[in-house]
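In what follows, a single structure is set out as structure tokens and then discussed.
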Amino acid sequence: MTVALMWEARAVPGRGADLLAWARAQELAGEPLRREVFRAPQDRVLVITWWDAPYDADLPELPEPDQGLTSRPVHRWRFESVAEGPTR
């Protein structure tokens, strides 16, 4: 099974580049199958990592950024891949 961990944060206004650099520099205790970093308006940064693991596996996640870098708490989501097939 493939599990995707999503981590999203919004920087303090004007600190989007700092948050992006911080997120890119974070090392995880393990190597995901894939890791992508995105940015969006309002200084938001999204990191998605894919893991070959059960949904409830104990997987390494990005930590909370340093105080003063984000304007709100980090949002985190976990998803599992599903087999392709008909939808209803």
Side-chain angles (χ1 to χ4, degrees):
M1 165 184 300
T2 301
V3 176
L5 302 182
M6 296 177 64
W7 177 99
E8 188 264 342
R10 184 172 176 184
V12 170
R15 302 228 25 221
D18 296 332
L19 180 59
L20 180 60
W22 180 91
R24 284 181 165 168
Q26 298 308 300
E27 294 195 22
L28 297 169
E31 187 66 32
L33 298 171
R34 184 172 158 195
R35 177 177 175 163
E36 287 192 62
V37 181
F38 303 86
R39 64 179 173 188
Q42 300 177 333
D43 292 325
R44 289 178 291 146
V45 174
L46 172 68
V47 179
I48 305 174
T49 56
W50 285 262
W51 303 87
D52 182 17
Y55 182 81
D56 58 354
D58 185 20
L59 298 169
E61 297 192 45
L62 269 68
E64 292 284 329
D66 298 330
Q67 260 189 325
L69 188 56
T70 58
S71 62
R72 60 164 168 74
V74 169
H75 293 173
R76 300 170 194 274
W77 301 274
R78 184 177 286 225
F79 296 90
E80 65 183 342
S81 62
V82 294
E84 290 189 32
T87 58
R88 295 179 188 206

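Excluded from the calculations below are hydrogen atoms, water molecules and symmetry mates; all remaining heavy atoms, backbone and side chain alike, are included.
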Can you find a heavy atom in the side chain of [X] that is under 4.5 Å from one in the side chain of [Y]?
X	Y	answer
Trp50	Glu36	yes
Trp7	Pro63	no
Ile48	Phe38	yes

Cluster link [X] to [Y], ILVMFWY, side chain under 4.5 Å:
X	Y	answer
Leu46	Leu20	no
Met1	Leu33	no
Phe79	Val47	no
Val12	Trp22	no

Any side-chain to backbone donor/acceptor pair from [X] onto [Y]? Under 3.5 Å, distance only.
X	Y	answer
Arg24	Ala21	no
Arg78	Tyr55	yes
Arg76	Leu62	yes

Could you report the tightest heavy-atom contact between [X] and [Y], atom names first, then the distance?
X	Y	answer
Ala11	Ser71	O-OG, 3.6 Å
Pro60	Leu5	O-CD1, 3.8 Å
Val3	Pro54	CG2-O, 3.5 Å
Glu64	Val74	OE1-CG2, 3.4 Å

Item checked: Leu28 vs Trp51, side-chain contact (heavy atoms from CB on, under 4.5 Å): CA-CA, chis, key distance, verdict -> CA-CA 12 Å; Leu28 297 169; Trp51 303 87; 3.8 Å; yes
Item checked: Arg15 and Asp43: CA distance, side-chain angles, deciding distance, side-chain contact (heavy atoms from CB on, under 4.5 Å) verdict -> CA-CA 7 Å; Arg15 302 228 25 221; Asp43 292 325; 5.9 Å; no
Item checked: Nearest-0.5 Å distance that lies between atom CG in Leu19 and atom CG in Asp66 -> 10.0 Å
Next item on the list: Give, for atom NE2 of His75 and atom CZ of Arg44, the distance between the pair rounded to the nearest 0.5 Å.
Entry: 10.5 Å
